[in-house]
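Below you'll find the structure, written out as structure tokens, and then a few comments.
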There are 2 protein chains.
Amino acid sequence: MGKQMTEMLKGTLEGIVLAFLTGNPAYGYEITTWLRSQGFTEIAEGTVYALLVRIEKNGLVDVEKRPSEKGPPRKVYSLNADGEKYLEEFWTTWGFLAERLENLRTEGK
Amino acid sequence: MGKQMTEMLKGTLEGIVLAFLTGNPAYGYEITTWLRSQGFTEIAEGTVYALLVRIEKNGLVDVEKRPSEKGPPRKVYSLNADGEKYLEEFWTTWGFLAERLENLRTEGK
DNA sequence: AGCCACTACTCAGCGCTACTATGTACCGGT
DNA sequence: ACCGGTACATAGTAGCGCTGAGTAGTGGCT
């Protein structure tokens, strides 16, 4: 993956996943597949699982184990109240940053 | 500083500084002051100087030492050809990310 | 003279996140 | 028996921004 993208994903990947989870419970493998379909073709599986462990530990998601038709049981993650609040803050932070950068890109300075 | 902002700045702060430097040579203290005026009130001085050392080492900027009216001599940084190229790639990367996030925010998924 | 504020740069050590690389495990088709 | 697809896990690494401290020069105030 490009080094720039790797660095830029820090902080944003978490928001992306939480946003995807909004009203849409999903499991790790599914999230990875979705990310790839969105153009994040080089995001490693391990990265996603590590992120899921983290947001679970931080209490942003609820987890439910479900048997799979194929392969090992799935861990289905869904956004809880704390996660929604955290996601709101994420959008605020990102909104500020995006606005500043958009200004820089268009105006020059 | 908010933890989310800290993480999100990784990768983007560099681009912000490089963008500021476009056609506008500046020194560390000046850049710090400008960042604060842009709303990045909590970015530490040390962070900026470390970033400047890094982009200099990576050959993205040229440096010129100039005496100051007040205080120690200034190190004035200006974007060079490699820096401009790097900045272009930054905008491409950021553009992709911003588009994906904007979709997520508005559409839902 | 002594003190303080502002200007200006430096550096060691830390925390966090994404990546790399590898391993485990279940199932179906051939 | 083997392979490919599904599904999860984890130890170790690299990179970036932050913390906290230090060094130095200038000018103003008392």
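Lettering of chains follows the sequences in order, A, B, ..., and the numbering in each one begins at 1.
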Rounded interatomic separation in angstrom, taking CZ from A:Arg66 and C1' from C:dC26:
19 Å

Quick one: do the A:Gln4 and B:Thr93 side chains pair a donor with an acceptor below 3.5 Å?
yes

Between B:Val63 and B:Val48, is there shared hydrophobic-cluster membership here, with clusters defined by ILVMFWY side-chain heavy atoms closer than 4.5 Å?
yes

Rounded distance (Å) that lies between atom P of D:dA14 and atom CD of B:Glu14
19 Å

Is there a donor and acceptor pair, one atom on the side chain of A:Lys10 and one on the base of D:dC16, closer than 3.5 Å?
no

Looking only at side-chain N and O atoms, does B:Tyr77 offer a donor or acceptor that is under 3.5 Å from a partner on B:Glu64?
no

Partner residues of B:Tyr49 under the ring-ring contact (aromatic ring centres under 6.0 Å, His included) criterion, sequence neighbours left out:
none

Nucleotide C:dC14, atom P - distance to CD of B:Glu7 in whole Å
18 Å

Whether each nucleotide of nucleotides 6-13 of chain D has a protein heavy atom under 4.0 Å at its base (B), only at its sugar-phosphate (S) or at neither (-) is summarised, 5' to 3', as BBBBB---

Does a donor on one side chain and an acceptor on the other come within less than 3.5 Å for B:Glu45 and B:Tyr29?
no

To the nearest angstrom, the CG-C1' distance between B:Leu51 and C:dC11 comes to 15 Å

Sidechain-backbone polar pair: A:Arg74 side chain, A:Tyr27 backbone, donor-acceptor under 3.5 Å:
no

What's the closest nucleotide to the B:Leu9 side chain, out of C:dT17, D:dG17, D:dG15?
D:dG17

A:Asp82: which residues meet the side-chain hydrogen bond (donor to acceptor under 3.5 Å, both in side chains) condition with it, sequence neighbours left out?
none

For C:dG15, does OP1 or OP2 lie under 4.0 Å from any side-chain N or O of B:Lys3?
no

Using atom NZ of B:Lys57 as one end and atom P of C:dC11 as the other, report the distance to the nearest whole Å.
11 Å

Can you tell me how far P of C:dA8 sits from CH2 of B:Trp34, to the nearest Å?
18 Å

Using a 4.0 Å heavy-atom cut-off across all strands, classify A:Leu13 as base, sugar-phosphate, or nothing.
sugar-phosphate

In whole angstroms, the gap separating P of D:dC16 from CD of B:Gln4 amounts to 21 Å

Length of the line joining B:Met8:CE and C:dC16:P, which is rounded to integer Å
16 Å

